[in-house]
Participant: 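First the structure, then my questions, so here it is.
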Amino acid sequence: MRYDLVIFDNDGVLVDSEPISNRLLAAYLTELGHPTSYEDSIRDYMGSAMHRIHDLVQERTGQRLPADFDDTFHRRVFAAFEAELEPVEGAVDVLAKLAADGVPYCVASSGSHERIRVGHHKTGLDRFFDDARIFSSQDVGKGKPAPDLFLHAARRMGVAPERCAVVEDSPLGVRAAVAAGMDVYGFTAMTPGDRLVGATRLFSELADLPDLLV
């Protein structure tokens, strides 16, 4: 293994949550008078922390989202997770192999700690992640594409940035990893490779990841 730490994005990489959350986000924004398609949501918000949604809507419309926007959205998302959420194909096997081989890994997500935990519990991935392996944009206050979250995760795990490999599926996440000085493996299951500009390597099947990291 050429890296001392593998940092996973969560949504779309470990749990298959992006179709669910972007469908609900598009519907909620439309309901509030900001017409948004599923494709718009994927393009503009995939991989974003919540504050970026607020910032973009205000920038484009001059209007603020309701004060209870985050709470209402998360309630809808968590209810849908309970009914629909599954792990990304290959995630369980990849995490099990890293654990068996003694390779340090963690998750660094734009989502809240609650969202990460709800998703991991529903999909059974919680057995791979104790609290010391979970990092959220809540921890740093500035989400992707800023490098803060990845640098925070590396620092807490005791690994230099240049010894980290990041696994990401969003343009924002790839930009954040590059800005952090880390190699980034762009997962193209949902995002065309030409949108993951700056990725060290592109791949489409999670099961292939361990061999790419050697």
Participant: Taking the side chain from S17 and the backbone from D11, do they hold a donor-acceptor pair closer than 3.5 Å?
Facilitator: no

Participant: By side-chain contact (heavy atoms from CB on, under 4.5 Å), which residues pair with P147, not counting sequence neighbours?
Facilitator: L151, A179, A180

Participant: Sub-3.5 Å donor-acceptor pair from the side chain of D139 to the main-chain atoms of S136, do we have one?
Facilitator: yes

Participant: Please answer whether the main-chain N or O of A49 pairs with a side-chain N or O of S137 as donor and acceptor at a distance below 3.5 Å.
Facilitator: no

Participant: If you apply the rule side-chain contact (heavy atoms from CB on, under 4.5 Å), what do you find for M182 with I7, and how did you get there?
Facilitator: CA-CA 10 Å; M182 301 175 180; I7 305 176; 4.0 Å; yes

Participant: Would you call the rings of F78 and F81 parallel, tilted or perpendicular if under 30° counts as parallel and over 60° as perpendicular?
Facilitator: tilted

Participant: Are the side chain of T191 and the backbone N or O of D169 linked by a donor-acceptor pair below 3.5 Å?
Facilitator: yes

Participant: Answer with yes or no whether the hydrophobic clustering places I42 together with L202; edges join I, L, V, M, F, W, Y residues whose side-chain heavy atoms lie under 4.5 Å apart.
Facilitator: no

Participant: Give a yes or no on whether R156 atom CZ has more than 12 heavy-atom contacts from other residues, nucleotides or ligands under 6.0 Å away.
Facilitator: no

Participant: Transitively linked via ILVMFWY side-chain contacts under 4.5 Å: L95 with V166?
Facilitator: no

Participant: Does the R52 side chain pair with the main chain of P145, one donor and one acceptor, at a distance under 3.5 Å?
Facilitator: no

Participant: Step through the shown structure and confirm whether more than 12 heavy atoms of other residues, nucleotides or ligands are within 6.0 Å of CZ on R43.
Facilitator: yes

Participant: Taking side-chain hydrogen bond (donor to acceptor under 3.5 Å, both in side chains) as the test, write out the residues that go with H54, two or more places apart.
Facilitator: D70

Participant: Go through the steps for R75 and D68 under the test salt bridge (charged side-chain N to carboxylate O under 4.0 Å, His left out), then give the verdict.
Facilitator: CA-CA 11 Å; R75 278 198 304 273; D68 64 349; 5.5 Å; no

Participant: Does K122 offer a backbone N or O that forms a donor-acceptor pair with the side chain of E82 under 3.5 Å?
Facilitator: no

Participant: Under the rule for side-chain contact (heavy atoms from CB on, under 4.5 Å), what residues qualify as partners of R133, not counting sequence neighbours?
Facilitator: Y105, C106, F129, D130

Participant: Between Y45 and N22, does any side-chain donor sit less than 3.5 Å from a side-chain acceptor?
Facilitator: no

Participant: Using the six-membered ring wherever Trp is involved, compare the ring planes of Y185 and F203 and label them parallel, tilted or perpendicular (cut-offs 30° and 60°).
Facilitator: perpendicular

Participant: Any ion pair linking R76 and E31 (charged N to carboxylate O, less than 4.0 Å)?
Facilitator: yes

Participant: With a cut-off of 6.0 Å (strictly less than), are more than 12 heavy atoms of other residues, nucleotides or ligands near NE2 of H121?
Facilitator: no

Participant: Does any N or O in the side chain of S110 come within less than 3.5 Å of the main-chain N or O of G47, such that one atom is a donor and the other an acceptor?
Facilitator: yes

Participant: Where the side chain of R163 meets the backbone of R2, is there a donor-acceptor pair that is under 3.5 Å apart?
Facilitator: yes

Participant: Is there a donor-acceptor pair under 3.5 Å between the side chain of H51 and the backbone N or O of G143?
Facilitator: yes

Participant: Look at R23 together with E84 and state whether they make a salt bridge at an N to O cut-off of under 4.0 Å.
Facilitator: yes

Participant: Taking S41 for the side chain and Y38 for the main chain, is one N or O donor matched with an acceptor at less than 3.5 Å?
Facilitator: no

